[in-house]
S.K.: 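Take this structure, written in structure tokens, and hold onto it; I'll ask about it next.
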Amino acid sequence: MEIIILPDSDAIGDLAGDAVTALLDRKPGAVLGLATGSSPLPVYDNLAARYDAGDVSFAQARAFTLDEYVGLDAGHPERYANVIHKEFTSRVDFEPGSVQGPNGLATDIPAACQSYEEAIHAAGGVDLQILGIGTDGHIAFNEPGSSLASRTRIKTLTRQTRIDNARFFDDDLDQVPTQCLTQGLATIMEARHIVLVATGQNKAEAVHQLAEGGVSALWPATILQHHPHVSVLVDEAAAGRLQLANYYRQTYAAKPVWQGL
Ligand code: F6R
């Protein structure tokens with residue numbers, strides 16, 4: 001796991017944008033994994049700017065989102081299918097139908113989860129997965145207590161996650177759904193490269209646990225310690241509780257340029 005401490009979210013967006021652009025240069029039909037929430041927005045802004053400048057194309061790429069609320073109607077602005085369309089995929093040149101997400105409106109939820117796993121597999125798996133992290137250490141919506149071997153399934157959101165996300169629902173906790181569909185931890189672990197972004201002091205404990213805690217279902221992101229290629233991009237505030245922060249800084253400063261992310 002590589003920890004990179006950067007000055008601000010623009011620098012995070014730029015470095016993650018470099019990684020996505022380099023991937024699409026060598027593999028135009030790459031499969032991207034997309035997170036929603038606020039953390040990846042600088043990455044999406046950076047990629048949209050590169051697209052506008054003619055520096056990257058998503059025309060042959062495909063994408064899978066991580067998760068979806070259960071029960072929000074199809075037109076709800078906070079439905080993740082609508083959020084990712086607005087924040088990213090409609091701003092670049094993905095082909096219609098090339099971006100998929102779990103179906104939170106399915107009548108047969110287990111069948112919808114199974115078919116989502118099959119769709120990711122049929123696409124050849126995710127080449128680069130963008131992740132955020134919750135204040136409670138969740139990735140996608142794998143809340144504390146999630147099986148480290150979990151696949152796409154229905155989960156109940158913790159009260160903390162619903163409080164954290166109430167800002168997207170008029171600060172009204174009652175409007176935040178209680179359930180979601182989410183890729184499992186084992187699903188995410190199959191991505192070939194994982195780029196996790198975190199900013200702000202409220203992520204500092206989760207980032208510390210992710211990189212330096214014991215692997216445990218209590219902090220689901222710690223499963224990433226078992227992944228061979230994870231890049232964690234954080235600002236100074238999110239790095240605030242890292243015990244080895246100086247070592248990570250020295251390592252990144254000495255990193256050969258050819259290595260990329
Ligand atoms: C959303 C997702 C979540 C978020 C996490 C952090 O698709 O996968 O794990 O990444 O809740 O959310 P933000 O970035 O809004 O702090």
Side-chain angles (χ1 to χ4, degrees), residues 8-9 12-13 16 32-46 63-70 72 76-89 99-104 116 120 126 128-146 150-169 171 173 176-189 191 194-207 209-210 217 219-224 230-235 237-239:
D8 54 33
S9 57
I12 291 173
L32 301 176
L34 303 177
T36 42
S38 28
S39 308
L41 296 180
V43 183
Y44 301 149
D45 288 345
N46 183 279
F64 291 89
T65 57
L66 284 170
D67 40 21
E68 183 59 273
Y69 292 115
V70 167
L72 290 187
H76 195 291
E78 293 307 324
R79 193 169 172 248
Y80 279 168
N82 299 329
V83 171
I84 202 69
H85 180 78
K86 172 169 167 261
E87 302 288 4
F88 179 44
T89 55
V99 180
Q100 296 181 58
N103 181 5
Y116 197 58
I120 296 171
V126 171
L128 189 154
Q129 174 67 58
I130 295 166
L131 283 185
I133 186 169
T135 56
D136 62 3
H138 69 236
I139 50 174
F141 275 142
N142 293 282
E143 296 284 28
S146 290
S150 50
R151 313 296 313 194
T152 302
R153 70 214 182 288
I154 191 166
K155 285 293 287 182
T156 300
L157 297 169
T158 61
R159 183 173 164 78
Q160 183 60 54
T161 296
R162 293 180 63 238
I163 290 170
D164 289 345
N165 286 5
R167 69 191 192 281
F168 298 116
F169 293 85
D171 285 319
L173 190 57
V176 185
T178 54
Q179 289 179 313
C180 61
L181 303 188
T182 181
Q183 286 189 32
L185 293 170
T187 319
I188 294 167
M189 286 289 284
I194 292 175
V195 177
L196 185 148
V197 297
T199 50
Q201 191 261 331
N202 65 334
K203 299 292 174 71
E205 179 63 18
V207 168
Q209 293 291 339
L210 153 73
W219 291 94
T222 56
I223 189 65
L224 299 178
V230 178
S231 310
V232 177
L233 314 187
V234 291
D235 67 0

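No hydrogens, no waters, no symmetry mates; every other heavy atom, side chains included, goes into these values. For ligands, and for the atoms within them, numbers begin at 1 and follow the listed sequence. Computed from a predicted model, the values in this text were never measured in an experiment.
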S.K.: For the CD atom of Glu78 and the NZ atom of Lys86, what is their distance to the nearest 0.5 Å?
M.R.: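 Going from CD on Glu78 over to NZ on Lys86, the span is 7.5 Å.
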S.K.: At the 4.0 Å heavy-atom cut-off, does Glu68 count as touching ligand 1?
M.R.: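 No, that is not the case, since the closest heavy atom of the residue is not under 4.0 Å from the ligand.
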S.K.: Atom 6 (C) of ligand 1: which protein heavy atom is closest, and how many Å away?
M.R.: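 Residue, atom and distance for the closest contact: Ile133 O, 3.4 Å.
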S.K.: Give a yes or no on whether His85 atom NE2 has more than 12 heavy-atom contacts from other residues, nucleotides or ligands under 6.0 Å away.
M.R.: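 Open.
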S.K.: Any N or O of Thr36 that comes nearer than 3.5 Å to an N or O of ligand 1?
M.R.: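 Yes, since at least one N or O of Thr36 sits under 3.5 Å from an N or O of ligand 1.
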S.K.: Please report the shortest heavy-atom distance between Arg79 and Asn103, naming the atom on each side.
M.R.: NH2-OD1, 4.2 Å
S.K.: Considering non-hydrogen atoms only, spot the tightest contact between Ala237 and Ala204 and give its length.
M.R.: O-CB, 3.7 Å
S.K.: Among all the protein's non-hydrogen atoms, which is closest to atom 2 (C) of ligand 1, and how far away is it?
M.R.: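 So the nearest neighbour among protein heavy atoms is Asp67 OD2, 3.3 Å.
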S.K.: To check you understand the geometry: which heavy-atom pair defines the closest contact between Leu157 and Cys180, and what is its length?
M.R.: CD2-SG, 3.8 Å
S.K.: Does Gln183 offer a backbone N or O that forms a donor-acceptor pair with the side chain of Asn142 under 3.5 Å?
M.R.: yes
S.K.: Identify, by atom number and element, the atoms of ligand 1 in contact range of Leu66, meaning under 4.0 Å from any of its heavy atoms.
M.R.: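 Numbered from 1, ligand 1 contributes 8 (O).
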S.K.: Could you tell me whether some N/O pair between Ala140 and ligand 1 is separated by less than 3.5 angstrom?
M.R.: yes
S.K.: Could you find the nearest protein heavy atom to atom 5 (C) of ligand 1 and give me its residue, atom name and distance?
M.R.: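 Of every protein heavy atom, His138 NE2, 3.3 Å lies nearest to atom 5 (C) of ligand 1.
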S.K.: Under 4.0 Å, heavy-atom basis, I'd like to know which part of Gln183 is in contact with ligand 1: side chain, backbone, both or neither.
M.R.: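 It is neither part, as no heavy atom is under 4.0 Å.
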S.K.: So between Pro40, Gly101, Gly132, whose heavy atom ends up nearest atom 10 (O) of ligand 1?
M.R.: Gly132
S.K.: Parallel, tilted or perpendicular for Phe169 and Tyr69, by the 30°/60° rule?
M.R.: perpendicular
S.K.: Looking only at protein heavy atoms, which one is nearest to atom 14 (O) of ligand 1, and what is the separation?
M.R.: Ser39 OG, 2.5 Å
S.K.: Quick one: do the Asp164 and Gln160 side chains pair a donor with an acceptor below 3.5 Å?
M.R.: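 Short answer, yes.
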S.K.: For atom 16 (O) of ligand 1, which protein heavy atom lies nearest, and how many Å away is it?
M.R.: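 Nearest protein contact, heavy atoms only, for atom 16 (O) of ligand 1 is Lys203 NZ, 2.7 Å.
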S.K.: Does an N or O anywhere in Tyr80 fall below 3.5 Å from an N or O of ligand 1?
M.R.: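 There is no such contact.
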